[in-house]
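To start, the structure itself, in structure tokens.
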Amino acid sequence: MHLAIISTIASALVPLVYGQQNSSCPGVPGFRYGFAIDPQFRAVKVAGGLTRPRGIARDRSGRLLIVESGKGITQHAVGTDGCITGSVVLLGLASLNHGIYLSPDESKLYASTGTEVYSWSYDSTTGAVGNDQTTLVKGMRNSGHTTRTLAIPPSHPNLLVVSHGSDGNMDYPTVSPSAARAIVKVFDLNSTPAGGFDYVTQGWNAGYGLRNEVGLAFDANEMLWGVENSGDDFVRTVDGVSTDIHTDNPADELNYLGDVSKPNDQWYGYPTCYTVGGPSEIKDATFALGDQFVLAPNTTFNDTTCIQASVPPRLTLPAHSAPLDAKFDSVFQNLFVTLHGSWNRQPPSGYRVVRVPFTKANDGSFTPVAASNQVGFTDVFYPLDTTQCSAQTCTRPVAMVFDAAGRLYVTSDTSGELFLIEGA
Ligand SMILES: *[C@@H]1O[C@H](CO)[C@@H](O)[C@H](O)[C@H]1NC(C)=O
Ligand SMILES: *[C@@H]1O[C@H](CO)[C@@H](O)[C@H](O)[C@H]1NC(C)=O
Ligand SMILES: *[C@@H]1O[C@H](CO)[C@@H](O)[C@H](O)[C@H]1NC(C)=O
């Protein structure tokens, strides 16, 4: 069944079934790690043995293009059952590490390293890539968070959106957008300078104060949404007393970035204002889920200041769950989100694929069904026992792409796997 059809009946929380599902394409070994799945769906292992598979795209002939980090881009022909019928290395380029996108007309393939964005001509009929690598964007930081997610709004094929995370956990200079980190920027490919745009000084902003907005998705109005990896090891200091609040704080985030065809110079809070993920863990004040807080309130800047100064998320995601991709289903009733999984939390969080039910408001805009102070997602694919999860024991979902039949392909980097989620 098409996922979009499922979504129409799935807005209410459904009971979840536990137990290992064990389905894989012919000749492909089963999943490396056990998992549970919402009974409306089933998961099929499509490939194993990939080299840190990260970003994934699909051309209109149905081929899958996967960034295997440290290797390049591999291309996979797919049969009607969704299984792979043949694979080739399309581009051997070890520096590619995450971002991949096809231009809306599929005549160009874009991919990123930590420091640059490249284009190649692409033929979606034959699957051939041109020998014409061109640098579109350069000058990005080669340290800290180095995934450079790419996106293009379908009706503005000239606008290349490039996300750039912070350099490390606390990157204080990013309080100014001129630092050009912890930011999402937009470049007009109709006026690409020779040698490419300088990321720091050129382009315009699609929001800043975004610590590490790895997942980007356009809704049906081509408004941009982002999922954010927030900070680690947080301690809150009030009147000289410091308390560890890091288990459930800060929340990871789902942010509304809006229309990328014009500058969005709003500040989304990093590195000063954060989102409460566990109100009870912050004992010096009364908070609700989704409220904004600062690490060390003082007389000039405190939690209340954040209400005036920064744009809060539209929805919280669990602390340290590490959202890496977001994809709307074809009818924009669910935003699927990969939660790669935590390292900075005991017990662990994430290691799953969730969906956020969305609705169209009276004004035509899209919004999560849940309010910002509610838990607004439901598990789709998740570990049997999250408390035991590590990179060596659980699937780590990274990036997703839907096919024409509504099947959702998902990469898992540390396990080297590709699987699909489809209607049960
Ligand atoms: C599940 O898959 C694994 C690996 O392919 C296999 O060893 C095992 O026998 C399967 N279990 C069931 C119940 O089919
Ligand atoms: C909080 O900060 C604001 C300035 O943003 C200030 O006016 C207010 O007095 C501060 N509140 C406290 C309790 O310090
Ligand atoms: C008050 O907090 C803000 C935000 O964290 C910080 O920029 C500022 O330096 C602090 N002021 C003092 C006097 O510590």
Side-chain angles (χ1 to χ4, degrees), residues 141 143-145 163-185 200-201 205-214 226-258 263-323 342-345 371-373:
R141 192 86 149 191
S143 57
H145 296 112
S163 181
H164 192 307
S166 62
D167 189 351
N169 190 29
M170 303 304 296
D171 189 350
Y172 293 108
T174 64
V175 74
S176 164
S178 63
R181 298 187 300 277
I183 200 166
V184 178
K185 293 189 78 168
V200 176
T201 59
N205 302 333
Y208 74 104
L210 298 158
R211 181 176 175 278
N212 194 19
E213 211 78 0
V214 184
V227 286
E228 178 162 345
N229 292 243
S230 196
D232 301 313
D233 293 326
F234 273 25
V235 169
R236 173 145 155 128
T237 304
V238 178
D239 297 331
V241 179
S242 294
T243 313
D244 182 342
I245 60 162
H246 92 282
T247 301
D248 291 326
N249 297 289
D252 285 347
E253 303 185 352
L254 171 62
N255 287 305
Y256 176 75
L257 305 182
N264 171 3
D265 294 315
Q266 296 181 100
W267 181 53
Y268 287 73
Y270 180 82
T272 311
C273 296
Y274 297 93
T275 301
V276 173
S280 62
E281 200 177 29
I282 310 178
K283 301 199 189 310
D284 66 86
T286 303
F287 284 115
L289 181 67
D291 283 350
Q292 298 288 288
F293 72 96
V294 296
L295 288 177
N298 61 37
T299 49
T300 59
F301 208 113
N302 51 51
D303 306 321
T304 312
T305 319
C306 290
I307 296 172
Q308 289 106 48
S310 86
V311 181
R314 297 292 286 274
L315 208 62
T316 61
L317 295 166
H320 314 296
S321 62
S342 63
W343 61 267
N344 192 231
R345 187 182 197 281
S372 60
N373 63 356

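Nothing fancy with the numbering, it's 1 onward along the sequence. Every number for a ligand or one of its atoms is a count from 1 in the order of the listing.
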For the pair Asp303 (side chain) and Val294 (backbone), establish whether a donor and an acceptor sit closer than 3.5 Å, ignoring hydrogens and angles. yes

Indicate yes or no for a side-chain donor-acceptor contact from Asn249 to the backbone of Gly277 under 3.5 Å, with no hydrogens or angles considered. yes

Check ligand 3 against Thr272 and write out every atom of the ligand that is under 4.0 Å from a heavy-atom position of the residue. 4 (C), 5 (O)

Do any N or O atoms from the side chain of Arg211 and from the backbone of Ala182 form a donor-acceptor pair under 3.5 angstrom? no

Within the distance-only criterion (no hydrogens, no angle test), does the side chain of Tyr270 pair as donor or acceptor with the backbone N or O of Trp267 below 3.5 angstrom? no

Taking any residue with a non-hydrogen atom under 4.0 angstrom from an atom of ligand 2, which ones do you get? Thr299, Thr300, Asn302, Thr305

Could you measure the distance from the CD1 atom of Ile245 to the CG atom of Asp233? Nearest 0.5 Å is fine. 11.5 Å

When you check the side-chain N and O atoms of Ser342 and Asn344, is any donor under 3.5 Å from an acceptor? no

